[in-house]
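See structure below.
Computed from a prediction, not measured in an experiment: that's the story for all the values here.
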Amino acid sequence: MKPTTARLSDMPGPKVYSLWWGDKSGGVRLKGVTQYTLSPYQVKAAPHWLRHYLFNGYRRLSGELFFFGVPFVLGYSIYAWAKRVDEYQNSKAGHIAAGGHH
């Protein structure tokens with residue numbers, strides 16, 4: 001098995017955290033820092049991620065539909081009503097109904 005490019009590069013390994021670029025002296029080790037990496041032996045890093053994303057995303061968004069759907073529908077209905085009333089009040093029939101002249 002041939003070593004990968006990342007294995008042969010000069011990047012610090014998983015046990016060294018705060019190296020400056022090009023500093024090979026070891027640097028300062030930080031406590032409480034957790035690094036997560038993918039195994040180089042895992043062939044498929046994220047199989048079926050699109051299908052899982054679609055179904056899980058649909059499930060999560062449908063749970064939130066009430067919280068952003070109801071205010072949107074309410075706001076749009078008020079906007080549509082106000083636009084319709086404004087068009088009527090600025091029309092000839094609206095002026096006559098209000099007792100004014102056109």
Side-chain angles (χ1 to χ4, degrees):
M1 190 162 140
K2 187 166 97 175
T4 62
T5 308
R7 182 84 172 143
L8 296 174
S9 70
D10 290 335
M11 292 295 296
K15 302 264 188 244
V16 181
Y17 301 111
S18 64
L19 286 179
W20 289 95
W21 290 103
D23 183 17
K24 298 188 191 316
S25 65
V28 178
R29 295 180 187 263
L30 300 175
K31 292 182 181 180
V33 176
T34 305
Q35 283 189 338
Y36 298 97
T37 60
L38 289 175
S39 170
Y41 302 109
Q42 184 161 350
V43 178
K44 293 182 181 178
H48 311 296
W49 66 270
L50 182 62
R51 181 172 50 105
H52 291 158
Y53 175 75
L54 289 175
F55 287 114
N56 191 35
Y58 173 76
R59 181 187 60 82
R60 291 176 67 186
L61 285 176
S62 64
E64 299 292 325
L65 184 63
F66 180 75
F67 295 107
F68 67 85
V70 171
F72 177 77
V73 169
L74 183 65
Y76 186 76
S77 61
I78 290 172
Y79 166 75
W81 170 80
K83 190 171 180 181
R84 192 172 54 246
V85 169
D86 183 57
E87 286 177 2
Y88 173 73
Q89 288 177 345
N90 288 327
S91 68
K92 187 173 184 179
H95 281 258
I96 292 172
H101 63 288
H102 191 0

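Taking the six-membered ring where the residue is Trp, Phe72 and Tyr76 present parallel rings, their angle staying beneath 30° rather than reaching 60°.
Phe67 pairs by the side chain to side chain contact (heavy atoms under 4.5 Å, CB included) definition with Glu64, not counting sequence neighbours. Residues forming a side-chain hydrogen bond (donor to acceptor under 3.5 Å, both in side chains) with Arg59 (at least two apart in sequence, or on another chain): Asn56.
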Could you go through residues 81-89 and list every donor-acceptor pair under 3.5 Å that involves a side-chain atom there, pairing it with any protein atom two or more places apart or in another chain?
residue : atom : partner : partner atom : Å
Asp86   : OD1  : Asn90   : ND2          : 3.2

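The 12-atom threshold is exceeded at CZ of Arg51, counting heavy atoms of other residues, nucleotides or ligands nearer than 6.0 Å.
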